[in-house]
Amino acid sequence: MRGGNPIRLLTWPSTLRARIFFILLVGLAVAYGLSFGVLYLERYMSAKAVMLGTLEKDVATSIAVLDRLPANERENFIDWLGRGSYRFVLGEGLKGVPDTSPRSAEIVARIEEAVGHRFPLRVEAIPGDVMRLQVHLTLSDGSPLTIDITPRGVMPVADWLPYVFLLQMVLLVLCAWLAVRQTIRPLGTLAAAADALDPRRPGPALSETGPSEVAHAARAFNAMRERIAHYLEERVQILAAISHDLQTPITRMRLRADLADDSPEKDKLVSDLSEVERLVQEGIAYARSSHGNGEKASRIDLSSFIDSIAYDYLDTGKAVTVLGAVQGTIVTKPHALRRILTNFIDNALKFAGSAEIGVERRDGCVVIMVLDRGPGVPEDRLEAAMQPFFRLEPSRNRETGGTGLGLAIAQQLAATIGGSVRIYNRVDGGLVAEVTLR
Amino acid sequence: MSSMEHVDHILIVDDDREIRELLSSYLKKNGLRATGVADGRQMRTFLETNAVDLIVLDVMMPGDDGLVLCRELRAGRHKAIPILMLTARSDEMDRIIGLEMGADDYLAKPFAARELLARVKAVLRRTRMLPPNLQISEAGQMLAFGDWRLDTVGRHLLDRQGTAITLSGAEYRLLRVFIDHPQRVLSRDQLLNLTQGRDADLFDRSIDLLVSRLRQRLGDDAREPTYIKTVRSEGYVLSTPVEILEPRP
């Protein structure tokens with residue numbers, strides 16, 4: 001294990017895609033650059049050795065030949081003796097400046113080594129765009145000779161070489177991108193599948209094809225999904241079984257109490273039984289709400305739907321009023337929506353004694369609110385209030401506490417109809433519970 | 001139909017012996033005759049030789065469950081006997097299934113004995129006025145009158161475009177009474193009596209208010225109503241005939 005990352009100067013890219021791409025590309029580019037550099041250096045050395053080696057010998061031979069030739073013959077040979085990078089000129093040559101560059105010093109040193117002991121040399125650089133040297137010497141008959149040197153690059157680079165280099169870089173980038181894509185794509189697919197995971201609905205399983213590691217991950221994911229679905233199913237079955245098995249003894253007790261003579265004990269028993277009964281019913285309702293109940297969506301008239309709920313409460317003497325009306329229809333699962341709203345209203349009635357229902361359209365969504373003037377919920381507990389078995393008062397008072405499942409059921413049901421539930425305190429006191437339908 | 005001496009005979013079909021006995025003794029205590037049987041087989045045997053006024057039928061039973069028995073009763077020669085279903089779950093869905101199977105009412109376990117007695121009496125009263133299978137709202141699951149359709153399973157109105165107009169419980173009960181007595185003038189007393197079902201003690205809205213609400217749902221103008229007309233000093237009448245579009249299975 002290596003401790004820490006020593007290079008913190010560069011900002012490390014945040015995505016895995018960028019990181020792998022970066023590592024691959026930099027690694028390949030450095031390796032490629034190194035081998036290119038080594039090759040270049042090696043070629044440079046050998047070419048230089050060849051060039052300089054031949055230069056000194058050729059120049060020495062040529063000077064010796066010129067020296068021996070009669071002065072009038074020299075003119076005929078002078079062109080034959082020149083090479084690509086130098087030529088001989090009879091005469092004083094051009095006026096130059098004393099040369100100091102190490103490269104020319106090296107060239108001159110070579111020539112001097114070859115011929116210098118016989119002909120003293122004088123070197124001058126000719127100012128201009130390209131490097132140009134003139135070596136002046138005097139032949140044995142006293143006539144001046146100039147070697148005009150235009151050193152070419154030791155290793156001339158072909159015109160097409162940069163293109164090849166560019167092509168290789170493009171190839172590198174392409175390969176790195178492909179490799180990254182191969183690695184990252186299954187990860188993205190997996191994340192998307194996890195996001196869309198809904199074990200309640202048998203959606204399409206994740207494809208188990210591809211490289212073996214990816215196929216393995218997909219298989220593991222699919223198995224996990226099945227396990228979750230199984231657990232959910234089991235939870236509902238357990239709750240249903242408990243509720244069913246409790247129902248018979250509760251019914252018996254209830255009937256026995258009803259047959260008994262009136263007494264305070266009987267009233268207490270009946271109220272305890274009602275409590276147990278409600279808990280069992282809410283429990284099963286909660287278990288089912290996450291499952292959806294197979295209800296089909298239908299188009300309903302919004303205002304008559306809201307009115308009917310309010311009237312059902314009014315007819316049993318509860319103070320539930322409708323604030324204004326929103327015309328139009330919505331497509332939803334009416335029983336689920338009704339249950340959500342009655343849970344809100346029951347809460348409002350419990351804590352405030354009365355409730356108001358408001359409807360509005362907000363950003364293309366229909367929002368149904370249940371407002372009350374009760375004590376509200378402390379700001380820091382608003383989130384917790386959506387959790388199952390949440391009770392505002394710690395005493396678990398049966399009169400006001402309820403089962404603590406109302407909002408949790410509403411939230412789960414809202415999810416099954418593609419909506420969301422939110423509660424918040426009113427500025428001037430009281431609570432708003434609202435469901436937003438998309 | 002019932003003579004002065006007639007005592008209504010209730011048959012209780014429930015697999016739990018104690019519940020049967022407790023229910024029987026409670027009903028007897030309240031002036032009814034009651035017999036308990038444990039399953040469908042015993043029920044059929046008993047019905048061979050005994051006249052029964054109402055059957056209290058448990059849904060969750062080993063062997064033939066309540067829904068199967070209910071369908072069987074409705075299809076056979078005992079189809080006129082009203083049925084009160086006892087269901088384990090109070091879910092909306094189960095209630096709908098129960099009514100679809102032809103039960104006259106339902107009650108979720110556990111229940112208060114008083115509640116059961118009230119329901120039994122309400123169902124008896126209702127079916128005395130019209131035998132169950134003559135009640136249009138019992139016979140059809142989709143009914144049509146005027147421009148409207150009434151879905152007796154979903155308990156809502158459907159307009160021409162198929163949009164559901166939800167009715168409150170009281171509105172639905174009142175409309176059902178009108179539907180069961182189309183083009184017949186019903187007095188306020190009759191309406192109150194027929195509308196008051198199981199929630200008799202809870203329901204205290206006046207019939208006039210309910211009628212005006214129902215007219216609103218039906219898009220009826222109170223001055224010149226097309227559907228529910230006022231008959232001066234007599235009561236109200238549903239002025240259109242009712243047609244059964246889809247009978248109950």
Side-chain angles (χ1 to χ4, degrees), chain A residues 240 243-260 270 273-274 276-278 280-281 284-285 288-289 293-318 328-339 342, chain B residues 14-26 29 58 60 86-96 108-117 151 154-159 161-173 199 201-205 209-210 213 216-219:
Chain A
S243 128
H244 178 246
D245 288 353
L246 276 175
Q247 160 237 311
T248 303
I250 294 173
T251 307
R252 280 189 213 142
M253 283 190 267
R254 188 70 214 254
L255 289 172
R256 233 174 257 138
D258 285 341
L259 278 166
V270 167
L273 281 172
S274 312
V276 175
E277 186 190 324
R278 197 173 54 186
V280 168
Q281 271 175 8
I284 192 104
R288 283 187 177 193
S289 62
N293 51 5
E295 190 188 354
K296 284 200 197 84
S298 57
R299 191 168 70 247
I300 58 167
D301 175 69
L302 199 52
S303 71
S304 75
F305 179 77
I306 303 288
D307 283 352
S308 76
I309 294 175
Y311 284 143
D312 279 339
Y313 277 97
L314 274 178
D315 289 344
T316 54
K318 311 266 172 58
T329 62
I330 49 167
V331 176
T332 188
K333 297 177 178 175
H335 289 302
L337 182 57
R338 195 181 189 90
R339 179 78 201 244
T342 53
Chain B
D14 194 316
D15 57 316
D16 189 89
R17 189 177 53 86
E18 275 207 65
I19 290 179
R20 278 199 314 268
E21 287 172 0
L22 285 161
L23 268 182
S24 301
S25 53
Y26 184 83
K29 231 171 100 175
D58 187 28
M60 297 287 264
L86 298 181
T87 109
R89 296 153 289 186
S90 61
D91 259 8
E92 213 81 1
M93 301 308 284
D94 295 301
R95 186 186 75 182
I96 289 161
K109 274 184 176 180
F111 49 84
R114 198 181 55 239
E115 174 79 1
L116 180 88
L117 184 66
D151 180 346
R155 300 178 137 223
H156 52 240
L157 284 164
L158 290 167
D159 69 9
Q161 286 78 42
T163 303
I165 310 292
T166 320
L167 299 170
S168 75
E171 287 160 12
Y172 177 75
R173 283 195 297 277
D199 301 329
D201 46 338
L202 302 170
F203 172 65
D204 64 345
R205 294 273 141 178
L209 179 62
L210 258 187
R213 273 202 219 154
Q216 208 184 318
R217 294 282 165 261
L218 292 167

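Every chain is numbered from 1, with letters handed out A, B, ... down the list of sequences. Predicted, not measured: the structure shown is a model, and the values here were computed from it.
Residue A:Arg254 touches chain B through its side chain alone, counting heavy-atom pairs closer than 4.5 Å. If you measure heavy-atom distances from A:Thr248 to chain B, the contacts under 4.5 Å come from both the backbone and the side chain. B:Gln161 touches chain A through backbone and side chain together, each having a heavy atom under 4.5 Å away. For B:Ile165, the parts lying under 4.5 angstrom from a heavy atom of chain A are both the backbone and the side chain.
Ion pairing between A:Asp315 and B:Arg173 fails under the 4.0 Å rule for side-chain N and carboxylate O.
A donor-acceptor pair under 3.5 Å is formed between the side chain of A:Asp312 and the backbone N or O of B:Gly169. Checked by atom type and distance alone, the side chain of A:Arg252 never pairs as donor or acceptor with a backbone atom of B:Asp16 at under 3.5 Å.
Taking CG of A:Leu255 as the reference point, atom NZ of B:Lys109 lies at 9.0 Å (rounded to 0.5 Å). With values rounded to the nearest 0.5 angstrom, A:Ser304 atom OG is found 10.0 Å from B:His156 atom NE2. In this structure, the separation between OG1 on B:Thr166 and OH on A:Tyr311 is 13.0 Å, given to the nearest 0.5 Å. Distance OG1/B:Thr163 to CG/A:Leu302: 11.5 Å, rounded to 0.5 Å. Between atom CG of residue B:Leu167 and atom CG of residue A:Asp307 there is a gap of 11.0 Å, rounded to the nearest 0.5 Å. The CG atom of A:Leu314 sits 9.5 Å away from atom CG of B:Leu209, with the distance rounded to the nearest 0.5 Å.
When side chains are defined from C-beta on, B:Leu22 counts as touching A:Arg256, because their heavy atoms get closer than 4.5 Å. Between B:Ser25 and A:Leu259 the shortest side-chain heavy-atom distance falls below 4.5 Å.
Nearest heavy atom pair, residue B:Pro110 against residue A:Ile250, reads CG-CG2, 3.3 Å. A pairwise comparison of heavy atoms in A:Asp258 and B:Phe111 identifies OD2-O, 4.4 Å as the closest pair.
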